[in-house]
Amino acid sequence: MKNLTRLTLLCGALSAPVFAQNAQSTLKPLPETKEQRDKRMDWFRDSRFGLFIHWGVYAVPAGEWNGNKSYGEWFMEETKMPVSQYEKFADQFNPTKFNAEEWVKLAKDAGMKYIVITSKHHDGFGIFKSQLTDWDIERTPFKRDPLKELAAACQKEGIKLCFYHSIMDWHHPDWGTRRAWHDKATGTPDMDRYTAYMKGQLKELLTNYGPIGIMWFDGEWESPWTNARGLDVYNYVRSLQPNIIINNRVGKGRSGMQGMDKGEGVGDYGTPEQEIPPTGFGPGVDWESCMTMNNHWGYNKHDNNWKSTQTLVRNLIDCASKGGNYLLNVGPTAEGLIPGPSVERLREIGSWMKGNKEAIYETTASPFKKLNWGRATKKSDGKNTTLYLHVWNWPTDGKLIVPGLKNAPRFTYLMDSKTKLNATQDESGVTIDVPKQAPNAISSTVVLVVSGAPMVEEQILTQNADGTLQLSPVEAIAHGQIQVEQKESGKDNLGFWLRAEDYVEWNFKASRPGKYEVSAEVAAPEVTSLDLVLGQQKVRATIPQTGDYARFQKVTLGTIEITAPGNATLQLKTAGNWKPINLRALNFKPLP
């Protein structure tokens with residue numbers, strides 16, 4: 001009976017607009033005015049915070065196979081396990097402890113506004129009931145449809161349900177780059193036939209579960225998928241649900257993990273992965289950083305490298321301050337449970353959000369390029385602007401300086417207690433008198449209301465009177481995947497410096513010509529090299545092995561000469577056989 005229904009649905013998918021190789025040049029996005037697009041995107045821009053769920057039969061081995069304990073959702077590909085053997089995990093997938101209402105309530109209490117769950121990951125397994133394949137939830141002992149239950153729970157709690165759906169499919173015999181270890185496929189792969197199958201599953205997802213907020217595609221990077229196929233699928237999905245939002249991974253425009261379109265792209269927003277951009281992308285550019293709580297997306301029972309609640313909250317703030325969303329992942333077990341450390345962190349995030357959600361929801365990007373003490377978000381009503389100052393490094397002298405702000409303050413207060421604060425203004429900006437003790441160790445919010453749109457004069461770093469200068473991580477302009485890692489100790493560092501092409505730079509005002517010793521605290525598992533570049537000068541520095549990424553050591557990088565006063569840019573670039581490092585502030589010390 002299922003085979004007959006499968007054929008009927010597949011024909012239904014084929015009766016919709018079908019991709020044709022000879023019609024690529026005629027494909028265009030569905031017409032839409034700016035007003036219509038803004039209306040469609042409004043809820044996404046206002047939400048700022050969502051829950052990502054990676055769940056499938058790869059949770060059965062729980063990250064371990066033949067002594068290797070590092071696997072996750074890429075288990076099938078990384079082990080090169082024959083399809084016939086991998087399929088047996090479905091016989092063991094029986095998540096009897098799954099409770100959709102508990103999952104949705106956990107997300108809602110954490111302050112999340114939407115949930116994105118893997119309807120199908122790259123292994124091709126559907127976590128829903130599909131009439132187009134036997135490789136779905138009905139193959140398991142569980143039988144129930146988790147997406148149906150999640151849809152009901154989301155509707156009850158007012159949460160937007162969204163689906164992740166992989167374009168790449170290691171299991172399907174028609175995916176163009178069929179793996180050598182696919183032991184059940186015969187004949188030649190046919191991408192048109194595969195695309196019709198994928199559209200059939202998309203039709204099921206978009207007609208059987210009510211309104212869907214986002215169709216979150218992935219796995220588009222392999223050669224069988226083209227931008228034209230992506231545009232065709234984009235139009236098809238929106239023909240089924242016109243108000244749905246579709247990420248940019250439906251096409252081929254994504255620039256690696258940075259997630260933004262490098263050229264002609266398809267989709268409604270960008271998707272940085274495991275990184276937060278150093279700055280936002282300006283008005284009118286929508287984006288969302290998806291990130292894990294530990295090192296894996298799918299469940300790995302050995303992965304206990306959990307980020308702290310403080311880091312997770314500050315990641316959310318960081319995204320919002322740059323005009324983006326934060327999609328935070330959990331990987332449930334094969335039993336259907338969200339791991340305890342994830343639950344604990346989500347509850348702690350919810351506790352912080354309870355008193356600070358006003359400073360996250362419906363906010364727009366910060367008017368400040370850099371704030372040494374934290375981040376800012378804002379709201380404007382046309383007459384006044386409310387600035388939410390997220391203070392991570394609380395001023396011990398009781399003076400919070402908002403640099404370069406030219407608007408006169410109307411009033412200011414602490415968000416948690418509503419305690420009114422005194423604010424004064426001078427040529428350097430606004431100074432707010434705050435208590436000596438931070439109200440919240442994770443992030444304290446000071447609310448500052450000013451008249452009109454914020455006017456900010458950029459503040460540039462300047463040498464101290466004695467010539468010394470400190471260039472901190474938060475003041476760095478990072479290029480590539482390098483990120484500022486906010487540490488509970490307050491000793492932040494530049495991390496995720498994994499690629500040789502990435503680099504950092506600082507702009508500052510030189511006021512005292514002379515020669516300077518430049519030093520930094522560096523953590524390096526292996527010996528490597530850096531180039532200091534200032535104008536025409538290039539100085540090669542050797543970075544010694546310190547042991548690991550958390551063991552910092554003071555290293556003299558070299559001598560740089562400031563030849564004349566004025567604006568200057570110092571760059572740090574990789575050199576030689578580059579090895580990843582973590583790096584804290586640079587320090588200039590004048591030489592005799």
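FYI, side chains are in, hydrogens and waters are out, and symmetry mates aren't considered; it's all heavy atoms of this structure. What you are looking at is a predicted structure, and each value in this text was computed from that prediction instead of being measured.
Every residue meeting the salt bridge (Lys or Arg N to Asp or Glu O under 4.0 Å) condition with E273, not counting sequence neighbours, appears here in chain and number order: R249. Residues forming a salt bridge (Lys or Arg N to Asp or Glu O under 4.0 Å) with D109 (at least two apart in sequence, or on another chain): K105. For D318, the salt bridge (Lys or Arg N to Asp or Glu O under 4.0 Å) partners at least two apart in sequence or on another chain are K322, R375. By the side chain to side chain contact (heavy atoms under 4.5 Å, CB included) test, P61 is found to be paired with F75, F89, residues two or more places apart in sequence or in another chain being considered. Annotation: side chain to side chain contact (heavy atoms under 4.5 Å, CB included) contacts of Q571 (sequence neighbours excluded): Y503, E505, V533, T569, K573. By the salt bridge (Lys or Arg N to Asp or Glu O under 4.0 Å) test, R347 is found to be paired with no residue, residues two or more places apart in sequence or in another chain being considered. Every residue meeting the side chain to side chain contact (heavy atoms under 4.5 Å, CB included) condition with K369, not counting sequence neighbours, appears here in chain and number order: E458. Taking the side chain to side chain contact (heavy atoms under 4.5 Å, CB included) definition, one finds that N325 meets it with F44, R48, Y114, E288, sequence neighbours left out.
Note on K252 versus E220: no salt bridge recorded, every NZ/NE/NH1/NH2 to OD/OE distance being 4.0 Å or above.
With hydrogens and angles disregarded, no donor-acceptor distance shorter than 3.5 Å links the side chain of D548 to the backbone of A524. No donor-acceptor distance shorter than 3.5 angstrom exists from the side chain of W225 to the backbone of G219, with no hydrogens or angles considered. Between the side chain of K378 and the main chain of T363, no donor-acceptor pair closer than 3.5 Å is present. Judged by distance alone, with hydrogens and angles left aside, the side-chain atoms of R551 form no donor-acceptor pair with the main-chain N or O of G547 at under 3.5 Å.
Scanning both residues, N300 and S70, for their nearest heavy atoms gives ND2-C, 3.7 Å. Here the closest non-hydrogen pair linking I460 and N507 is CG1-O, 4.0 Å.
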I'd like a table of donor-acceptor pairs (distance under 3.5 Å, sequence neighbours excluded) in which one partner is a side-chain atom from residues 429-439, with atom names and distances.
unit_1	atom_1	unit_2	atom_2	d
D433	OD1	K399	NZ	2.6
D433	OD2	N422	ND2	3.1

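Atom CE of M257 has 12 or fewer neighbouring heavy atoms from other residues, nucleotides or ligands inside a 6.0 Å radius. Atom NZ of K357 has 12 or fewer neighbouring heavy atoms from other residues, nucleotides or ligands inside a 6.0 Å radius.
For residues 518-529, the pairs satisfying side-chain hydrogen bond (donor to acceptor under 3.5 Å, both in side chains) are E521-R584, with sequence neighbours left out. Residue pairs meeting the ring pair (Phe, Tyr, Trp, His ring centres under 6.0 Å) criterion with at least one member in residues 546-573, sequence neighbours excluded, do not occur. Listed by first and then second residue, the side-chain hydrogen bond (donor to acceptor under 3.5 Å, both in side chains) pairs that reach into residues 530-542 are D531-R540, sequence neighbours excluded.
Relative orientation of the Y58 and H121 rings is perpendicular, given thresholds of 30° and 60° on the angle between their planes.
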